[in-house]
Amino acid sequence: MGPSEKEIGESKVRIGILGTGTMASALAEAWTRAGHRVLVGGRSLDKAQAVAERLGDLVAAAVPAEVVRASDAVLVAVAWEGIDQVLALAGAAEGSFAGKAVIDCTNAVDYASGMLKPAVGSAAEHVAERAVGGHVVKALHLFAGTGWLSPAPAGQPERTVAICGDDAGALDTTAELIRDLGAVPAVIGGLEHARQLEDVAGFVMRLVAAGCNPVTAVPFVDLSHG
Ligand SMILES: NC(=O)c1ccc[n+]([C@@H]2O[C@H](COP(=O)([O-])OP(=O)(O)OC[C@H]3O[C@@H](n4cnc5c(N)ncnc54)[C@H](OP(=O)(O)O)[C@@H]3O)[C@@H](O)[C@H]2O)c1
């Protein structure tokens, strides 16, 4: 099924989102506030349609293969356990992602221990191996999705979203979408850095479990002296 009556129009970046849960809904809403149109889909078309209905005319629902076909940038926002299924439904092995920016925001973290579930590599590299020809960028996994619906709290510094990936165009597209959320993108390197970024999520969880605000657990660096 295609976008039907809510056709994808003149968005700067044609955004597709695979996933229909909290993260998918929050980022779809945040990007529509920045004027983008978004196509949402997951293993349940009913859930995708419910998200589109709730978020209004700038969001449409489709099956995963259509979401990918009609988008320049695709956010993968499903549970780690669901990644293989949603990529298969989207035609990843057949090259449906070829040439597109694929933004992986997933956390393959065991919430009890804070340790990554993949023994080696990263969730982002797992996505890259399956999304044949896609340009994977790790991004947006650290902040709560609903946080993007409000400005940074008063007195807090601008939010920095650390990202990594191997394709300059996909990094640029992701950076543009991060700026549209009101944050500052920071490229830390190629996709081999994805495990490092993914581990930070577990680190943050352990700090919170230890009763610390994570922003107090990294050094303040004064960059004003060049
Ligand atoms: N929520 C946040 O603030 C946040 C922030 C950063 C990163 N993330 C990451 O974003 C991803 C989605 O998180 P979420 O909070 O949106 O979770 P969620 O609300 O529970 O939604 C999970 C999504 O994954 C799908 N899914 C779950 N298990 C699946 C399976 N076995 N096979 C296929 N699909 C499956 C669900 O489809 P069904 O509804 O059909 O089950 C749903 O679309 C996760 O990797 C999470 O770590 C979330």
Next on the checklist: Checking side-chain polar atoms at under 3.5 Å, does H126 have a donor or acceptor matched by the opposite partner on D84?
Outcome noted: yes
Item to check | R195 to V120 - nearest heavy-atom pair and separation | outcome: NH1-C, 3.6 Å
Checklist entry - Quick one: CZ on F203 to CD on Q196, what's the gap to the nearest 0.5 Å? => result 12.0 Å
Item to check | Derivation and outcome, side-chain contact (heavy atoms from CB on, under 4.5 Å), residues C164 and L197 | outcome: CA-CA 8 Å; C164 67; L197 277 188; 3.9 Å; yes
Next on the checklist: Is there a path of hydrophobic side-chain contacts, each under 4.5 Å between heavy atoms of I/L/V/M/F/W/Y residues, joining V86 to W80?
Outcome noted: yes
Checklist entry - Do E29 and L149 touch side chain to side chain, with heavy atoms closer than 4.5 Å? => result yes
Checklist entry - Between R159 and G147, what is the shortest heavy-atom contact and its length? => result NH1-O, 3.0 Å
Checklist entry - Is L140 close to W148 at the side-chain level, that is, under 4.5 Å between some pair of heavy atoms? => result yes
Item to check | H135 and D166: CA distance, side-chain angles, deciding distance, side-chain contact (heavy atoms from CB on, under 4.5 Å) verdict | outcome: CA-CA 7 Å; H135 303 307; D166 294 331; over 6 Å; no
Item to check | Flag side-chain contact, heavy atom, 4.5 Å: L58 against W31 | outcome: no
Checklist entry - Which heavy atom in A101 sits nearest to a heavy atom in A170, and how many Å separate them? => result CB-CB, 3.8 Å
Checklist outcome for this item: From the list V76, V127, I103, side chain to side chain contact (heavy atoms under 4.5 Å, CB included) with V136 holds only for V127
Checklist entry - Looking only at heavy atoms, what is the nearest atom pair of A73 and L177, with distance? => result CB-CD1, 4.2 Å
Checklist entry - Measuring from L142:CG to T160:OG1, what's the distance to the nearest 0.5 Å? => result 11.0 Å
Next on the checklist: Check whether T106 reaches the backbone of A108 with its side chain - one donor and one acceptor, N or O, closer than 3.5 Å.
Outcome noted: no
Item to check | Side chain to side chain, T20 and V40, heavy atoms closer than 4.5 Å | outcome: yes
Checklist entry - Which atom pair, heavy atoms only, marks the closest approach of P214 to V204? => result CG-CG1, 3.7 Å
Next on the checklist: Strictly below 4.0 Å, N to O, side chains only: are K100 and D72 in salt-bridge contact?
Outcome noted: no
Checklist entry - Is I17 close to L39 at the side-chain level, that is, under 4.5 Å between some pair of heavy atoms? => result no
Item to check | Side chains of D222 and F220 in contact at under 4.5 Å (non-hydrogen atoms) | outcome: yes
Checklist entry - Looking at CZ of F97 and OG of S71, how far apart are the two atoms once the value is rounded to the nearest 0.5 Å? => result 9.5 Å
Next on the checklist: With heavy-atom distances below 4.5 Å as the criterion, would you say the side chains of V208 and M205 are in contact?
Outcome noted: no
Checklist entry - Are side-chain N/O atoms of T173 and E176 paired as donor and acceptor at under 3.5 Å? => result no
Checklist entry - Between D180 and H36, does any side-chain donor sit less than 3.5 Å from a side-chain acceptor? => result yes
Checklist entry - When hydrophobic residues are tied together by side-chain contacts of less than 4.5 Å, even through go-betweens, does L55 share a cluster with L181? => result yes
Checklist entry - Would K117 and D110 pass as an ion pair if we require N to O under 4.0 Å? => result no
Checklist entry - Does the N107 side chain pair with the main chain of E198, one donor and one acceptor, at a distance under 3.5 Å? => result no
Checklist entry - Which atoms form the tightest heavy-atom contact between A128 and L191, and what is the distance? => result CB-CD2, 3.8 Å
Next on the checklist: Using modelled atom types and a 3.5 Å cut-off, is there a donor and acceptor pairing between side-chain atoms of S96 and backbone atoms of G91?
Outcome noted: yes
Checklist entry - Does the side-chain contact (heavy atoms from CB on, under 4.5 Å) test come out yes or no for V161 and I163, once each step is laid out? => result CA-CA 6 Å; V161 175; I163 68 178; 3.9 Å; yes
Item to check | OG-NZ distance between S122 and K138, expressed to the nearest 0.5 angstrom | outcome: 7.0 Å
Checklist entry - Linking I/L/V/M/F/W/Y whenever any side-chain heavy atoms sit under 4.5 Å apart, do F143 and I178 land together? => result yes
Item to check | In one Ile/Leu/Val/Met/Phe/Trp/Tyr side-chain cluster, 4.5 Å: V109, M23 | outcome: no
Item to check | Cluster link L27 to V13, ILVMFWY, side chain under 4.5 Å | outcome: yes
Next on the checklist: Distance check, rounded to the nearest 0.5 Å: H193 atom NE2 versus D199 atom CG?
Outcome noted: 13.5 Å
Next on the checklist: For a 4.5 angstrom cut-off between non-hydrogen side-chain atoms, does T32 reach R37?
Outcome noted: no
Item to check | Straight-line distance of Q85 CD to L89 CG, nearest 0.5 Å | outcome: 5.0 Å
Next on the checklist: Using a 3.5 Å distance criterion without hydrogens, assess whether the side chain of R206 forms a donor-acceptor pair with backbone atoms of G114.
Outcome noted: no
